[in-house]
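For reference, the structure discussed in these notes is given below.
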Amino acid sequence: MILTVHPLLRPIRDKVESGERLTFDDGMLLYDERIPLADVGVLANVVRERINGNRTYYNINTHLNPTNVCVYRCNFCAFRSDLRSPKQYAMSDEQILARGREAVDNGCTEMHIVGGLHHQKKFEWYLNIVRILHDAYPQLHLKAWTGVELNWFEFLEKRPIKAILQDLLDAGLGSLPGGGAEIFHPEVRDKICEHKADAKNWIAIHRAAHQMGIRSNCTMLYGMIEKPYHRIDHLIRLRELQDETGGFQTFIPLAFHPDNTGLSDIPKPSALVDLRTMAVSRLMLDNIAHIKAYWIMLGIGTAQLAQAFGSDDIDGTVRHELIYHDAGATTPEVLAVEDIRRLIVEAGREPVERDTLYREVIRDGDTPSQWRVGDAVPTLTSVGAAS
Ligand code: V47
Ligand code: SF4
């Protein structure tokens with residue numbers, strides 16, 4: 001069936017239908033205001049359904065932000081704190097283990113661990129967090145430390161990144177989250193987070209992780225001072241690394257939340273920008289299997305709509321999220337599994353619980369011994385969607 005789209009979009013429609021890769025200029029056209037959002041969404045949905053059918057994935061997870069003290073001052077960040085601020089905290093081993101207990105008691109399969117770069121903590125402190133959690137709760141997949149944190153550990157340890165990753169793997173690391181990517185282009189990065197890991201470092205760290213068999217996610221923070229060409233440049237850099245390694249599991253476009261940040265005069269991106277960015281990401285990232293609509297950040301309604309604009313994943317129950325709530329997110333702090341499943345069904349999709357590695361979770365009872373993971377869910381190579 002030939003889809004009817006805006007005349008300017010026809011060459012891109014033809015490429016999408018034949019599985020041909022989109023170029024930088026194609027990406028720019030997808031952001032052109034003359035092109036109706038609905039048409040971009042229809043094309044993204046073709047790719048989404050080709051790769052993931054009618055499924056929308058979710059997981060049962062929790063977040064842990066062990067400290068908010070951070071040496072950096074990214075001007076989009078409302079979470080960080082100075083050491084001398086009344087807001088500062090660094091969790092004890094007991095507090096961290098209590099979070100692990102709570103996660104397991106609530107049926108979580110994943111703990112997402114990221115935080116600030118505390119200048120008085122050594123690498124051993126971060127390593128110990130992974131070790132004690134893994135030793136106590138080996139069933140919990142630990143998705144821990146962004147490329148920015150890993151770059152800080154390299155600086156602290158003066159050792160190669162692969163040695164640091166090996167220590168973390170030995171302690172029980174499962175995979176890496178996608179944060180810290182922000183916008184790679186130096187015209188933007190130098191203005192929003194000048195001192196932390198640059199694009200080259202972030203990409204080198206994820207490449208090293210993939211080469212060691214560690215899967216990771218990737219993100220893009222949008223809606224600040226960047227222009228569409230910075231976003232397309234960012235997506236193409238991620239696509240190039242994925243061509244090389246195949247190690248990214250999912251891409252998460254992160255909408256900027258301005259409250260309590262150094263960019264609080266910039267309005268939050270509209271739902272239209274959110275949906276277009278979701279769809280453009282699905283179309284440009286032809287080699288990444290999943291596109292996540294992180295409901296905490298988008299709001300529940302937009303995350304539901306995103307299921308028709310390229311997304312096939314809604315993240316999880318997300319207990320104890322701080323980064324977005326400090327920056328003004330008004331979404332709840334946690335969603336019950338029934339609520340997540342209902343909102344996926346309302347969006348016309350089939351809810352599938354997954355673990356961090358996108359294997360289906362099968363729960364034959366209430367206790368972890370009655371849970372198992374199914375086979376790996378279809379990937380790009382098995383559905384033959386990559387060009
Ligand atoms: O790196 C910080 C972003 C990231 C703000 O891998 C902000 O599955 C918007 O990466 N407004 C952390 N964004 C969150 C993250 C993430 C979230 C969910 C799932 C996964 C995953 C990863 O949040 C930071 C930064 O890019 N961020 N402050 C803000 N005010
Ligand atoms: Fe620190 Fe991360 Fe916030 Fe930047 S985004 S200030 S690195 S906590």
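Remember, it's 1-based here, ligands and their atoms both numbered in the order they're listed. Note that the coordinates shown come from a computational prediction; the quantities given were computed from them, not determined experimentally.
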*Tell me which one of Gly178, Ser264, Cys77 gets a heavy atom nearest to atom 6 (O) of ligand 1.*
Gly178
*CZ (Phe24) with more than 12 external heavy atoms under 6.0 Å*: yes
*Proximal ligand 2 atoms for Tyr72, defined as those under 4.0 Å from one of its heavy atoms*: 6 (S), 7 (S)
_With a 4.0 Å cut-off on N to O distance, would you call Arg363 and Glu353 a salt bridge?_
yes
*Are any of the N or O atoms of Ile323 closer than 3.5 Å to those of ligand 1?*
no
*Which bit of Ile252 is near ligand 1, meaning a heavy atom under 4.0 Å away: side chain, backbone, both or neither?*
side chain
*Would you check, one step at a time, whether the test salt bridge (Lys or Arg N to Asp or Glu O under 4.0 Å) holds for Asp167 with Lys162?*
CA-CA 9 Å; Asp167 285 355; Lys162 285 192 176 169; over 6 Å; no
*asked:* If the threshold is 4.0 Å, N to carboxylate O, is there a salt bridge linking Arg342 and Glu346?
replied: yes
*Number the atoms of ligand 1 from 1 as they appear, then name those within less than 4.0 Å of a heavy atom of Asn217, with their elements.*
6 (O), 8 (O), 21 (C)
_For Ala327, atoms of ligand 1 separated by under 4.0 Å from a heavy atom_ = 30 (N)
*Lys/Arg N to Asp/Glu carboxylate O, Asp135 vs Arg131, below 4.0 Å*: no
*N/O separation below 3.5 Å, Lys292 to ligand 1*: yes
_Would Gly180 count as a contact residue for ligand 1, given that I'm defining contact as a non-hydrogen atom of the residue lying under 4.0 Å from a ligand atom?_
yes
*Does any N or O atom in Tyr294 lie less than 3.5 angstrom from one in ligand 1, N or O only?*
no
*For ligand 1, which atoms, with element, lie under 4.0 Å from some heavy atom of Lys143?*
6 (O), 8 (O), 21 (C)
_Sub-4.0 Å atoms of ligand 1 with respect to non-hydrogen atoms of Gly179_ = 1 (O), 10 (O)
*Could you tell me whether ligand 1 has any atom less than 4.0 Å away from a heavy atom of Leu221?*
yes
_Atom indices of ligand 1, in the order listed, that fall short of 4.0 Å to a heavy atom of Ala255_ = 9 (C), 11 (N)
*Less than 3.5 Å between some nitrogen or oxygen of Glu182 and one of ligand 1, yes or no?*
yes
*Cys77 contact mode with ligand 2 (heavy-atom cut-off under 4.0 Å)*: side chain
*Let me know which of His112, Lys143, Met111 forms a side-chain contact (heavy atoms from CB on, under 4.5 Å) with Thr356.*
Lys143
_Using a 4.0 Å cutoff against the non-hydrogen atoms of Cys70, which atoms of ligand 2 qualify?_
1 (Fe), 6 (S), 7 (S), 8 (S)
*Would you check whether Phe76 has a nitrogen or oxygen atom less than 3.5 angstrom from a nitrogen or oxygen atom of ligand 1?*
yes
_Distance filter under 4.0 Å to Pro177 heavy atoms, resulting ligand 1 atoms_ = 6 (O)
_With the threshold set at under 4.0 angstrom, would you say His112 reaches ligand 1 through any of its heavy atoms?_
yes
_Could you tell me if Arg231 sits above the aromatic ring of Tyr31, with its cationic atom closer than 6.0 Å to the ring centre and no more than 45 degrees from the axis?_
yes
*Using a strict cut-off of less than 4.0 Å between a Lys/Arg side-chain nitrogen and an Asp/Glu carboxylate oxygen, indicate whether Asp105 and Arg101 qualify as a salt bridge.*
yes
_Donor-acceptor contact below 3.5 Å, side chain His134 vs main chain Val130_ = no
*Should Asp312 and Lys292 count as an ion pair when the cut-off is N to O under 4.0 Å?*
no
*Can you say whether the rings of Tyr72 and Trp152 are parallel (under 30°), tilted (30 to 60°) or perpendicular (over 60°)?*
perpendicular
